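Have a look at the structure below before the remarks.
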Amino acid sequence: MFLAQISDMHFRSHGRKLYDFIDVNACNAEVVSQLNALEERPDAVIITGDIVNCGLASEYQVARRTLSNLHYPLYIIPGNHDDKAQFLESMGPLCPLLGTDPQNMHYAVDDFDMRLLFIDTSVPGESKGWLTLETLSWLEAQLEQGGDKPTAVFMHHPPMKLGSAQMDRIACENGDQLLALIERFPSLCRVFCGHTHRLIFTQYRQAIITTIPGTVHQVPYYHENPAPYYNLEPAACLMHRLVDNTGLVSYLHPLSQYPGPYLYDANISCPVDEK
Ligand SMILES: [Fe+2]
């Protein structure tokens, strides 16, 4: 299993920029090109929410057109910037596992040696997240069915506070319900989120809980300052690979332009004429 996880694309309507100056649509098109050009090709691309910025049909038009150029199966879930109905209408054809009910989007992927469970934590009109009773009972049933098979949950909002003054206020408010499932089910060993526009990881019992950067704009981490800052530090995504005898290995993959790769040459590294 080899997966690319991207997040928080925040597409805007055709010709519109994010915050009037960030050309998210062009940057996201470039991300799609980069992923398509990967030498080692992922089995699928995962997008952990905030597909668009304002939940508008015109934004989803751009998102669908751009994302339909990705040459991989797509597993997508919504974030707080998404509109459930618009999201399902435009992303459903790209990710049929989303089903047909915009109020209860969740699905399992059983194609690999690790189970992947996708849930929706968005709440209409709210920035914070929430796990509905329906989602929690679906998750519980899935974890019971899955037995010992290692399992990863993908959700937009992190299930706990991560010490960021800006983002903690809008984490998943009842994420403790997910933590209770981590306690009950040793198979649940990873939780991958978006929302914070930053690579952050922590651990709860056996589960590593991670949030990942956005595809275009990022959010600086301040422990004390709750002001809603954003920046344009280099974008990145996370790659997840199941490695024999090790398990899931996840690593950062930059989405910005940079020189290289260069092939290591021992003769250049320590030239003999310097000895
Ligand atoms: Fe976001």
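Remember, it's 1-based here, ligands and their atoms both numbered in the order they're listed. In this text the structure is predicted, and so the values were computed from the model without any measurement.
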Should the pair Phe118 and Tyr75 be assigned to parallel (<30°), tilted (30 to 60°) or perpendicular (>60°) ring geometry?
tilted
Has His10 got an N/O/S atom less than 2.8 Å from the Fe ion (ligand 1)?
yes
His81 N/O/S atom closer than 2.8 Å to the Fe ion (ligand 1):
no
Just to confirm my numbers, could you give the angle made at the Fe ion (ligand 1) by OD2 of Asp50 and OD2 of Asp8, rounded to 10°?
90°
Are Leu238 and Leu35 linked, directly or through intermediate hydrophobic residues, by side-chain heavy-atom contacts shorter than 4.5 Å (ILVMFWY only)?
yes
Polar side-chain atom of Asn25 near backbone of Arg12 as donor-acceptor pair, under 3.5 Å
yes
Is it the case that more than 12 heavy atoms not belonging to Asp265 sit under 6.0 Å from its CG atom?
yes
